[in-house]
There are 2 protein chains.
Amino acid sequence: MRTAQRAHTRAVGPKPQSKVSRPGASSAVLANVPDLRKNTVYLGDCIDVLRSLPAESVDLVFADPPYNLQLEGQLSRPDQSTVDGVDDDWDKFESFADYDRFTWDWLSAARRVMKPDATLFVIGSYHNIFRVGSTLQDLGFWILNDIVWLKSNPMPNFRGRRFTNAHETLIWASKGPDAKRYTFNYEALKAGNEDCQMRSDWLFPICTGRERLKNGEGHKVHPTQKPEALLARILLSASHPGDVVLDPFFGTGTTGAVAKRLGRSFVGIERDETYATAARARIEGVEPLADEALSAAPAKRSEPRVPFATLIEAGLVEPGTILTDAAGRTRVVVRPDGAVALGAIIGSIHKIGALAQGLPACNGWTFWHVLHEGRLVPIDALRAGFRADQRQARAS
Amino acid sequence: MRTAQRAHTRAVGPKPQSKVSRPGASSAVLANVPDLRKNTVYLGDCIDVLRSLPAESVDLVFADPPYNLQLEGQLSRPDQSTVDGVDDDWDKFESFADYDRFTWDWLSAARRVMKPDATLFVIGSYHNIFRVGSTLQDLGFWILNDIVWLKSNPMPNFRGRRFTNAHETLIWASKGPDAKRYTFNYEALKAGNEDCQMRSDWLFPICTGRERLKNGEGHKVHPTQKPEALLARILLSASHPGDVVLDPFFGTGTTGAVAKRLGRSFVGIERDETYATAARARIEGVEPLADEALSAAPAKRSEPRVPFATLIEAGLVEPGTILTDAAGRTRVVVRPDGAVALGAIIGSIHKIGALAQGLPACNGWTFWHVLHEGRLVPIDALRAGFRADQRQARAS
DNA sequence: TACCTAAATGAATCGAAGT
DNA sequence: AACTTCGATTCATTTAGGT
């Protein structure tokens with residue numbers, strides 16, 4: 001059976017079967033290993049360390065594995081400054097097959113350490129998350145949700161060749177379809193979310209400012225430090241106080257810091273001594289919350305901005321509509337993409353409004369009008385109506 | 001590096017090589033098949049039909065493949081081995097393998113039909129999107145973005161055991177890492193989005209109300225009809241008017257309806273006659289937008305190149321003119337051949353601009369200024385004026 | 001102190017044309 | 001096919017520095 005399983009798993013390549021845990025094997029291992037050392041950062045390769053840990057001993061896993069970014073060359077901002085990207089050795093893989101093997105190995109090792117009702121969160125980007133998700137399924141994990149972390153302040157796409165990469169993806173999975181007694185603090189999350197169910201899209205800023213660990217020269221210690229708010233949401237969603245949270249790619253210890261603050265235990269594994277040392281020092285300085293304070297502090301979603309294109313998509317403005325200034329003199333045509341055309345010149349409502357007046361800037365929302373029931377109405381009125389409709393839809 | 005990368009992505013495992021399109025093979029196929037019938041719904045299995053179509057004939061693919069309900073039914077069977085469910089779940093193995101094979105087949109068939117610079121959008125949920133993404137990568141597609149469609153009105157999670165599944169995932173991919181000349185209407189999207197780059201998270205309501213197709217008894221015709229706004233965003237992002245858009249899982253024809261409205265051609269494939277019939281009727285009733293609202297936005301990077309020497313030849317800049325940076329500090333002299341001189345150093349406006357700032361590169365058009373009516377004006381303004389004159393001359 | 005402006009920066013698979 | 005040149009391109013946020 002195992003052979004068949006490997007063969008079918010998308011035929012991505014030979015999977016090392018010896019690394020999957022087997023019933024019986026775990027107890028033998030257990031006899032040879034010490035108890036799980038809680039609130040410790042293990043220094044070493046995560047697969048080796050995971051195999052040395054007692055089976056079925058942790059309640060939750062959070063993993064932030066290398067993304068296999070495959071970057072080439074340098075990227076510069078429009079002002080010619082250089083983007084300090086990820087070029088660390090730990091993110092270098094020979095091939096997708098190589099990355100798949102790595103993923104299979106650490107995931108199956110982590111799975112052995114999970115209690116039967118434990119769950120696992122993995123975070124990634126489009127570079128690696130599809131490999132991770134497929135491997136999870138191949139290993140028998142049961143996906144409960146995929147979750148998107150929406151970044152309120154992502155790095156722009158400097159070359160204007162793609163959409164701004166404004167999110168990362170988390171996969172939340174149990175050990176299998178029958179593990180139905182996993183922890184999910186539904187009520188607490190809902191109570192902290194204006195009595196609405198917590199959705200699969202989470203909005204947080206990226207990790208900057210004083211939260212971002214810096215070394216003596218003011219340089220970031222770790223290139224991909226995750227925000228504590230993200231980890232807090234995860235721990236508050238899928239663990240109880242006192243639970244053990246495992247992070248096999250501990251880095252600078254965000255998981256440990258949040259776990260300590262929220263009254264959970266952590267087990268961290270990190271192979272880079274610089275990171276591990278920074279993590280220990282960081283966690284040392286964390287003050288645990290008082291017991292009664294251990295409730296969710298959800299990030300409130302800011303009022304979304306409404307681009308002009310949204311009104312078109314919502315059917316409030318038809319493409320081809322004529323917009324004019326308040327006097328009805330200057331005329332532009334609405335395009336389906338939300339730009340407007342002044343003769344052959346095409347641009348945003350703001351840019352074209354500025355151009356039409358010969359001014360450096362213009363608020364297109366108040367400048368442009370549309371004929372509505374025989375009267376010229378500023379398009380801002382349409383936006384106000386749209387926002388009101390949205391609020392009503394959300395409330396009901 | 002890049003070659004190696006591509007080579008290994010193909011060598012991921014025993015894949016049915018015969019299904020990957022090969023250079024040379026396409027023309028032979030082309031000779032045996034009829035021309036592509038545009039604005040047609042082909043009735044039949046999508047893999048069969050795709051293989052009958054001429055190679056390299058479409059500009060954009062949108063695909064909404066099935067989640068494979070059979071897979072879900074089998075996966076929810078009780079799993080005997082809770083400790084390690086991987087070993088014994090033969091049914092699960094069968095289903096994943098089937099789904100992966102199906103995905104491989106339709107994706108490689110679609111790839112053959114794509115023009116070299118065409119791109120592909122696939123939409124899915126966590127049930128299938130990881131299989132699809134991995135297969136895309138294995139086939140050599142190059143992922144440009146993953147995009148999340150955030151649903152403003154998702155179905156709640158009734159059991160309260162998971163996060164509300166409030167999004168679906170799209171993958172946008174080109175045929176390979178070297179296909180860099182794909183269509184992306186960056187400027188138009190930005191103009192319609194408050195002059196900010198379009199991000200990878202898109203907010204739309206699900207398809208309801210009068211847009212949702214109903215049959216005689218008032219039941220929805222198709223279980224997963226996508227909103228037209230989503231397709232409009234896709235077509236406006238990655239195609240031009242007149243382009244051919246292929247949808248191999250046409251359903252009730254949202255892609256066709258939007259394509260017709262936006263002045264694109266469509267090719268639909270649908271194996272269910274009820275859906276195909278409903279789609280044809282639906283598209284029949286769509287009114288295309290007027291050309292006026294569709295005229296292509298002139299992307300800045302597609303404007304004709306104007307060398308600096310041309311401005312001198314046209315008399316817009318006199319040889320000997322002094323150019324300065326915006327602050328008026330650094331000064332260079334314009335030479336009659338279009339080069340500039342910084343002291344004894346002579347070079348292009350770009351080279352000397354970079355040198356003057358100590359940067360690796362510089363856009364001389366925006367860096368250098370000339371005194372015009374008492375004010376410092378970037379030489380880019382002169383170029384813009386020249387281009388406008390040229391356009392006017394061409395038009396008359 | 002309060003306020004304003006400039007500078008820095010983030011998991012990034014981020015050209016095209018001519019020689 | 002490799003190399004050179006042209007020249008297009010950024011958003012939210014924090015921090016530092018100056019008035």
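Within every chain, numbering begins at 1; the chains are lettered A, B, ... in the order of the sequence lines, protein sequences first and strands thereafter.
Atom CD1 of A:Ile123 and atom C1' of C:dA11 are 9 Å apart (whole Å). Rounded to a whole Å, the NZ atom of A:Lys220 is 17 Å from the P atom of D:dT14. For B:Leu144 and C:dA12, the CG to C1' distance is 13 Å, given to the nearest whole Å. In this structure, the CZ atom of B:Phe308 is 18 Å from the C1' atom of D:dA8, given to the nearest Å. Rounded to whole angstrom, the span from the CD1 atom of B:Ile379 across to the C1' atom of D:dA8 amounts to 15 Å. Atom pair B:Gln197:CD and C:dA12:P shows a separation of 13 Å (rounding to whole Å applied). Atoms CG (B:Asp117) and C1' (C:dG15) sit 13 Å apart, rounded to a whole Å. Put simply, CG on A:Leu71 is 12 Å from P on C:dA11, counting in whole angstrom units.
A close approach under 4.0 Å does occur between a side-chain nitrogen or oxygen of A:Arg161 and OP1 or OP2 of C:dG15. Proximity of B:Tyr186 to the phosphate of D:dT10: a side-chain N or O atom is located under 4.0 Å from OP1 or OP2. Between B:Asn363 and D:dA8, a side-chain N or O to OP1/OP2 separation shorter than 4.0 Å is present. B:Ser348 has a side-chain polar atom (N or O) that falls below the 4.0 Å cut-off from OP1 or OP2 of D:dC6. Phosphate contact (OP1/OP2 of C:dA8, side-chain N/O of A:Arg212, threshold under 4.0 Å): absent. Note on A:Arg305: every side-chain N or O is 4.0 Å or more away from OP1 and OP2 of D:dC11. Contact between the side-chain N/O atoms of A:Lys151 and the OP1/OP2 oxygens of C:dG10 is not found at any separation under 4.0 Å. Residue B:Lys190 has no polar side-chain atom (N or O) positioned under 4.0 Å from OP1 or OP2 of D:dT9. For B:His350, a side-chain nitrogen or oxygen approaches OP1 or OP2 of D:dG7 to under 4.0 Å.
Heavy-atom minimum distance, B:Phe141 versus B:Met114: CE2-SD, 3.8 Å. Heavy atoms only, all atoms of each residue included: A:Glu228 and A:Arg282 are closest at OE2-NH2, 2.9 Å. Looking at every heavy atom in both residues, B:Trp368 comes nearest to B:Ala356 through CH2-CB, 4.4 Å. Contact between A:Thr164 and A:Pro154 at its shortest, heavy atoms only, is CG2-CG, 3.9 Å.
In this structure, A:Thr224 reaches the bases: a heavy-atom distance under 4.0 Å links it to at least one base atom across the strands shown. Counting any heavy atom pair closer than 4.0 Å across all strands shown, A:Trp149 reaches no nucleic acid atom. Among the heavy atoms of the strands lying under 4.0 Å from A:Asp84 are primed sugar atoms or P, OP1, OP2 only; no base atom is included. Within 4.0 Å (heavy atoms only), A:Gln80 reaches at least one base atom of the nucleic acid. A:Pro65 comes within 4.0 angstrom of a base, heavy atoms only. Counting any heavy atom pair closer than 4.0 Å across all strands shown, B:Ile143 reaches a base atom. At a threshold of 4.0 angstrom between heavy atoms, the contacts of A:Cys207 with the nucleic acid are absent.
Only the P atoms considered, C:dC14 is 23 Å distant from D:dA12, to the nearest whole Å. Using atom P as the reference point in both D:dT9 and C:dA17, the two lie 14 Å apart (nearest Å). Comparing C:dG10 with D:dA8, their P atoms sit 28 Å apart, to the nearest whole Å. C:dA8 and D:dT10 have their C1' atoms separated by 13 Å, given to the nearest Å.
With a 3.5 Å ceiling on both atom-pair distances, the Watson-Crick or G-U wobble partner of D:dC11 is C:dG10. The nucleotide C:dA2 finds its pairing partner in D:dT19, both defining distances of the Watson-Crick or G-U wobble pair being shorter than 3.5 Å.
Residues A:Pro154 and A:His127 both approach DNA chain C. Their nearest nucleotides, taken by heavy-atom distance, put A:Pro154 toward the 5′ side. Residues B:Asp195 and A:Arg159 each lie close to DNA chain D; by heavy-atom proximity, the contact nearer the 5' end of the strand is made by A:Arg159. Residue order along DNA chain D, read from the 5' end via each residue's closest nucleotide, puts B:Lys351 first among A:Thr208 and B:Lys351. The residue among A:Gly73 and B:Arg301 whose nearest nucleotide of DNA chain C lies closer to the 5′ end is A:Gly73.
Distance from the side chain of B:Lys180 is smallest to C:dG15 among C:dG15, D:dT10, C:dA11. Across C:dA11, D:dT9, D:dT15, the shortest atom-to-atom separation from the side chain of A:Arg210 is found for D:dT15. If you check D:dA12, C:dA17, D:dT9 against the side chain of B:Arg181, the one that comes closest is C:dA17. Here the nucleotide nearest the side chain of A:Pro156, chosen from D:dT13, D:dC11, C:dA12, is D:dC11.
Ionic pairing of B:Arg391 and B:Glu303 is present here: one or more N-O contacts between side-chain nitrogen and carboxylate oxygen are shorter than 4.0 angstrom. Ion pair B:Asp117/B:Arg181 not flagged as a salt bridge, since none of the NZ, NE, NH1 or NH2 atoms sits closer than 4.0 Å to an Asp/Glu carboxylate oxygen. Between A:Lys226 and A:Asp64 a salt bridge is recorded (basic side-chain N to carboxylate O distance below 4.0 Å).
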| request: Before giving the answer on side-chain hydrogen bond (donor to acceptor under 3.5 Å, both in side chains), spell out for A:Ser125 and A:His127 the whole-Å C-alpha distance, their side-chain angles and the decisive distance to 0.1 Å. | output: CA-CA 5 Å; A:Ser125 66; A:His127 311 82; 2.6 Å; yes
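With hydrogens and angles ignored, no donor-acceptor pair under 3.5 angstrom links the side chain of B:Arg383 to the base of D:dG7.
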